[in-house]
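Below is one structure, written out as structure tokens; the observations come after it.
Quick note: numbers below take in every heavy atom, side chains included, and nothing from hydrogens, waters or symmetry partners.
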Amino acid sequence: MICLYVILFIIIVISLRFPRNEIISDFSGKTTANLIKGIFIWLVFISHLAQYIQSSYPQMLEYGFNNLRSFLGQMIVVPFLFYSGYGVLIGVKKWGGYINTIPSKRVLTVLFNFDVAVLLFIIMDFAIGLPITPKQIILSFIAWDSVGNSNWYIFTIIILYLITFSASKLFGYSTRCIATICVLVFLYSLVMSFLKASWWYDTTFAYAAGSIYCFFKERIDRLLNRHYKELVVVSSVFFILFAFAPNIMGFAENIRSVFLSLLILLFTMRVPLKNKFLLWSGKNLFPLYIYQRIPMIFLSVVPMGTLPLMQWSPLLYITICFVATIFIAYLHKYIAIRL
């Protein structure tokens, strides 16, 4: 499994262009955001894949893989949250009527497309004999429970969209709006720490960080550029240190997610990226994220001969899961619900 990280690392290196000493003009634009999200969605793919596959690689390599996967943890979704917080507030800033479209264009569009995926997971579960309860099915449609699909991120991002909508409606594009978003994100994390596992809330500060960056972008960019090297060092040190801090109520990981957001900004500010595959992956984040578990589950359960494919050929299992995920993501544009 460690080989998958190596392959992704090679793809990233190939995508790099010569670093610059000045700010790249569009480093926080859509193209760069999609490239970064494209990298991290494949980190999510590797992490999910590890939940199903039984590796036959040498113990030392697997030890390295497990340590790296553990170190990354929930940080692999941080760019999704950071760029969402940034992107939604950019819409509020640029287009006056955008606030009123958040419930339909953001919340309901995500939820309805998610529900289509849930329905397909339910069909698959029944087809291959995986046990699911009526309660699971009902709650899975609001992302509070799962029928095998990834759900926590969808529930969280919907709540975060509603937080931005409420704050923007109350205060418009203002410092009070930003303060409200930060307070409500903190309260969401606090409440969820009593209701769900830590991964439901321990990266949400990245969303608030994206909102803060949007509002104070010019000042933050000047600060990052003026103290570039110092901030790279400081952010890297604290990102690593908080990985080993007690994650009480998700606080350490939330702080770590903010430092990772800062590192991403610093990286993209000076280092250009160019890769069509990663760009496509970032643009198709939703189907890649939501549907990748279908081939993973199916091929880990359904026998291919005497054993499931995952057991008798891990390499073929990985390859088919990858190809199937790409194929499903490509087809998604034909069934996507747009409001």
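Ile128 and Val118 fall within the same hydrophobic cluster, where Ile, Leu, Val, Met, Phe, Trp and Tyr residues are linked whenever their side-chain heavy atoms come under 4.5 Å apart, directly or through other members.
Checking side-chain atoms of Ser140 against main-chain N and O of Ile137 turns up a donor-acceptor pair under 3.5 Å. Between the side chain of Ser84 and the main chain of Phe80, a donor-acceptor pair closer than 3.5 Å is present. Under the 3.5 Å distance criterion, the side-chain polar atoms of Asn149 are left unmatched by any main-chain donor or acceptor of Arg293. Side-chain atoms of Thr109 come within 3.5 Å of backbone N or O of Ser104 as a donor-acceptor pair. Distance alone, capped at 3.5 Å, places no donor-acceptor pair between the Ser235 side chain and the Val232 backbone. In this structure a side-chain-to-backbone donor-acceptor pair under 3.5 Å is present from Ser300 to Met296. No donor-acceptor distance shorter than 3.5 angstrom exists from the side chain of Thr32 to the backbone of Gly29, with no hydrogens or angles considered. A donor-acceptor pair under 3.5 Å is absent between the side-chain atoms of Arg226 and the main chain of Leu224, judged by distance alone. In this structure, the side chain of Asp202 does not engage the main chain of Asn254 through any donor-acceptor pair within 3.5 Å. The backbone N or O of Val185 lies less than 3.5 Å from no partner atom in the side chain of Tyr207, so there is not a single donor-acceptor pair.
When every heavy atom of Ala252 is checked against every heavy atom of Asn247, the shortest pair comes out as N-OD1, 3.3 Å. Listed here is the closest heavy atom pair of Tyr161 and Ile102: O-CG2, 3.8 Å. Closest heavy-atom contact between Leu111 and Ile142: CD1-CA, 4.4 Å. The shortest non-hydrogen separation linking Ile12 to Leu273 is O-CD2, 4.5 Å. Between Ala143 and Trp200, the closest heavy-atom pair is O-CH2, 3.3 Å. Heavy atoms only, all atoms of each residue included: Ser261 and Ala206 are closest at OG-CB, 3.8 Å.
For the pair Phe114 and Ile290, the minimum side-chain heavy-atom distance is below 4.5 Å. Ile159 has its side chain out of reach of Thr204: every pair of non-hydrogen atoms, C-beta onward, lies at least 4.5 Å apart. The shortest side-chain heavy-atom distance between Phe165 and Pro103 falls under the 4.5 Å cut-off. Contact annotation: the side chain of Ser189 never approaches that of Met249 to less than 4.5 Å [non-hydrogen atoms, C-beta and beyond]. Using a 4.5 Å heavy-atom cutoff, the side chains of Ser281 and Asn34 are not in contact. The shortest side-chain heavy-atom distance between Gln136 and Ser146 does not fall under the 4.5 Å cut-off. At least one side-chain heavy atom of Tyr291 sits under 4.5 Å from a side-chain heavy atom of Ile294. With contacts defined as side-chain heavy-atom distances shorter than 4.5 Å, the pair Leu72/Ser47 does not qualify.
Here the CZ atom belonging to Phe286 is positioned 11.0 Å from the CG atom belonging to Leu288, to the nearest 0.5 angstrom. Note that CZ of Phe9 and CD1 of Ile7 are 13.5 Å apart. Values are rounded to the nearest 0.5 Å. Residue Leu8 holds its CG atom at 13.0 Å from SG of Cys3, rounded to the nearest 0.5 Å. In this structure, CG on Leu262 lies 9.0 Å from CE on Met269, to the nearest 0.5 angstrom. Once rounded to the nearest 0.5 Å, the distance linking CG of Leu231 with CD1 of Ile220 reads 11.0 Å.
Ring orientation note: the planes of Tyr289 and His48 are tilted relative to one another, at an angle of 30° to 60°. In this pair, Phe244 and Phe71 present their aromatic rings tilted. The plane angle is within the 30 to 60° band.
For the residue pair Lys333 and Asn284, no side-chain donor N or O sits within less than 3.5 Å of a side-chain acceptor on the partner.
Members clustered with Ile14: Val6, Ile10, by chain and number, using a 4.5 Å side-chain heavy-atom cutoff among hydrophobic residues.
The cationic atom of Arg256 (NZ for Lys, CZ for Arg) lies less than 6.0 Å from the six-membered ring centre of Phe239 and within 45° of the ring axis.
Within a 6.0 Å sphere centred on CZ of Phe251, heavy atoms belonging to other residues, nucleotides or ligands number 12 at most. Enclosure of atom NZ in Lys30 is not indicated, since only 12 or fewer non-hydrogen atoms of other residues, nucleotides or ligands lie within 6.0 angstrom. Shown here is Lys217, whose NZ atom has more than 12 heavy atoms of other residues, nucleotides or ligands within 6.0 Å. The environment of Ile248 atom CD1 is sparse: at most 12 non-hydrogen atoms of other residues, nucleotides or ligands sit within 6.0 angstrom.
Pairs passing the ring-ring contact (aromatic ring centres under 6.0 Å, His included) check and including a residue from residues 253-284, sequence neighbours excluded, read Trp42-Phe277, Phe238-Phe259.
Between Tyr201 and Tyr188, the ring centre distance reaches or exceeds 6.0 Å. Aromatic ring centres of Trp152 and Trp144: separated by at least 6.0 Å. Residues Phe121 and Phe126 place their aromatic rings such that the two centres sit no closer than 6.0 Å.
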